[in-house]
Amino acid sequence: MLYINQTIKTEHVMKMKLIPVILTAVLTSLLTLFVASRYSHQFSMFAGNNPNTLPVRFTSFTGNAANTGGGGPVNFENAAEASVKAVVHIKTTTKARTVVAQAQDPFGGIFGDIFGKQQYYIPSQSGSGSGVVISNDGYIVTNNHVVADANEVTVTFNDRYTTQAKVVATDPSTDIAVLKVNEKNLPFMDFGNSDDVKLGQWVLAVGYPLSLDATVTAGIVSAKGRNIGINRQTSAIEAYIQTDAAVNPGNSGGALVNTAGQLIGINSAIASPTGSYAGYSYAVPSNIVKKAVSDLMKYGSVQRAYMGVEFMDSKKLSNEQLSSLGIDKTDGVYVAATVPNMGAAKAGLQKGDFITQINGNNVVTEPQLLEQIARYQPGDNISVTYLRSGSVHTTTVELKNIDGTTGIVKQHDVTRLLGASFKALSATELSRYGVNGGLQVTEIGKGALATQTSMKKGFVITSINDAEVGSVEDMQNALSASTDKIQIAGFYPGGQGMYYYGVNASAAANTEQ
């Protein structure tokens, strides 16, 4: 009985102690509500000075009247419906093959039979991506890396119709390829002007990610002129449009579309530690795509224009070096050197100049400058504005091709036979490697170099059958004078010693597709 009375007494004491706590909480809440209602109009940390402004906003975008029909909420329906009809699913197959390579012979082939040949088996592979129909008669644009080395390419439309596609031409430097299907009256997409793309603008990413059916995602443009270093070509052009629209494996080659339904980019890459979407995606701007496609269809290769200027990579310089050159406080692209007899040197540009404009368009970074130059042809004249010792100057620069001329660089038979792309070494590279001439392999496709040798991209060819090679024309002449057996000599930058590869020209010609 005593125990029960003590328990009741204890509970009574605890309840009495809780009453002040409860009363304090109630009074505090009432006081907070009073102060908030009395003085809320004076707080502007989130809402601004307008008492009617809320600290949060609806996700409807009303800032682009041209694309939203006079300032109303943005509507993606028309753009999405038109886009999915013009975006296709691409599947590729690469056949299994055995690569035969002549063992390295330091004696120039004399003991080739003793050293013997090495064989490598590469199993069949399959891949997938996306593409965009750009004409009603069946031309399709996609990424080069989607169809590179493929023996078979199939295209599936949004209505699930599937057909074979032919690879018309590719350009590894811009990562663009053109395909063709034998179909008529196809829905297609018009090119928009990527120069008009603004930061914060709404965009759609359309493609076939993760082998799903046509998928549309939305986001905004978060940056322009991005160089992410994913294209390892020696003369790569990277000036990506960066967005936060969700893009995953399989989206490569698909469309980046504005709300008017125009093609403003080709989705190409994502920034991700896992391989899947993690916040940022990158697209080749439509102005670069349009020029590349036009050249590929007309000439079989992109007519790349060059100023003849070498730039300083600011990412590799220390803060002291940046400060001493003035790069840290001067807008524009710093000229580290000019190539003799090229357009920039002839127009008077010098080491130490800062290029600020190309034809009136501002350029602050090297990717922005390369994006501007990429839309012109060899032989075109451009206006270049630059700073020298704080003074503004303007000059006219005639652009040249990789060989230093203004002629058309056509797809040579040699590149089709060997199945590779090449470029001549620059004066700086010749000096760095200590050679008089050389032709660097920028891409290896499915020709003789891939099927008969183990040659890797980046290899520098210095001679063919003992004939020195310094240009594509030199290579063409050397191969024309060669017998069936071709010996290619050269080196890998950063490697040691010379490498020798053997090619059977007759076998290559018989297997060429």
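Predicted model, so just to flag it, every value in this text is computed and none were measured. Start at 1 with the first residue, then count along the sequence.
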At their closest point, which heavy atom of [X] faces which heavy atom of [Y], and how far apart are they?
X	Y	result
A255	L263	CB-CD1, 3.6 Å
A269	I230	CB-CD1, 3.8 Å
Y277	N248	N-OD1, 2.8 Å
V181	A165	CG1-CB, 3.7 Å
G438	L430	N-CD2, 4.3 Å
G225	P367	O-CB, 3.5 Å

How long is the gap from [atom1] on [X] to [atom2] on [Y], to the nearest 0.5 Å?
X	Y	atom1	atom2	value
Q440	F459	CD	CZ	10.5 Å
T365	K224	OG1	NZ	11.5 Å
S222	Y282	OG	OH	7.0 Å
I176	K290	CD1	NZ	14.5 Å
I358	I382	CD1	CD1	4.5 Å
E238	S173	CD	OG	11.0 Å

**OP:** Just say parallel, tilted or perpendicular for the rings of F491 and Y433, cut-offs at 30° and 60°.
**Re:** perpendicular
**OP:** Classify the ring geometry between Y386 and H393 as parallel (under 30°), tilted (30 to 60°) or perpendicular (over 60°).
**Re:** parallel
Hey, does [Y] have a side-chain heavy atom less than 4.5 Å from the side chain of [X]?
X	Y	result
I266	L256	no
T356	V363	no
L179	K166	no
L399	Q377	no
L204	T217	no
L186	F157	yes
E443	N144	yes
F354	I327	yes

Subject >> Criterion side-chain hydrogen bond (donor to acceptor under 3.5 Å, both in side chains) against N361, the qualifying member of E371, Q368, Q372 >> reply: Q372
Original post:
Checking side chain to side chain contact (heavy atoms under 4.5 Å, CB included) for the pair L296/D171: CA distance, chi angles, key distance, verdict?
Top reply: CA-CA 8 Å; L296 290 173; D171 181 50; 4.2 Å; yes
Side chains of [X] and [Y], donor plus acceptor under 3.5 Å:
X	Y	answer
Q242	S281	no
N359	S383	no
T156	T162	yes
S391	S389	no

Side-chain atoms of residues 133-142: list all donor-acceptor pairs with protein atoms under 3.5 Å, sequence neighbours left out, distances to 0.1 Å.
unit_1: S135; atom_1: OG; unit_2: D137; atom_2: OD1; d: 2.5
unit_1: S135; atom_1: OG; unit_2: Y139; atom_2: N; d: 3.2
unit_1: T142; atom_1: OG1; unit_2: S130; atom_2: O; d: 2.7

So, does [X] use its side chain to make a donor-acceptor pair with the main chain of [Y] at under 3.5 Å?
X	Y	value
N251	G254	no
N401	G404	yes
T215	D213	yes
N151	K95	yes
S286	V289	no
Q201	K198	yes
N158	K85	no
T330	G326	yes
D175	P172	no
T93	S126	no

Does [atom1] in [X] sit with more than 12 non-hydrogen atoms of other residues, nucleotides or ligands closer than 6.0 Å?
X	atom1	value
K291	NZ	yes
Y306	OH	yes
N182	CG	no

Original post:
When you look at Q357 and N362, which way does the side-chain hydrogen bond (donor to acceptor under 3.5 Å, both in side chains) test go after all the steps?
Top reply: CA-CA 4 Å; Q357 290 185 341; N362 293 333; 2.8 Å; yes
For residues 334-353, run the donor-acceptor check on the side chains, cut-off 3.5 Å, and write out each pair with its distance to 0.1 Å, sequence neighbours left out.
unit_1: D353; atom_1: OD1; unit_2: R388; atom_2: NE; d: 2.9
unit_1: D353; atom_1: OD2; unit_2: Q350; atom_2: N; d: 2.8
unit_1: D353; atom_1: OD2; unit_2: R388; atom_2: NH2; d: 2.8

**OP:** Tell me, with the steps shown, if I444 and M455 meet side chain to side chain contact (heavy atoms under 4.5 Å, CB included).
**Re:** CA-CA 8 Å; I444 294 181; M455 185 182 294; 4.2 Å; yes
Original post:
Checking side chain to side chain contact (heavy atoms under 4.5 Å, CB included) for the pair W202/N258: CA distance, chi angles, key distance, verdict?
Top reply: CA-CA 7 Å; W202 280 104; N258 61 23; over 6 Å; no
Subject >> The single option from N193, N287, V257, V197 passing side-chain contact (heavy atoms from CB on, under 4.5 Å) against I264 >> reply: V197
Original post:
Does the side-chain hydrogen bond (donor to acceptor under 3.5 Å, both in side chains) test come out yes or no for T396 and N381, once each step is laid out?
Top reply: CA-CA 6 Å; T396 300; N381 291 303; over 6 Å; no
**OP:** Decide yes or no on side chain to side chain contact (heavy atoms under 4.5 Å, CB included) for T92 and E152, but give the supporting numbers first.
**Re:** CA-CA 6 Å; T92 63; E152 183 177 288; over 6 Å; no
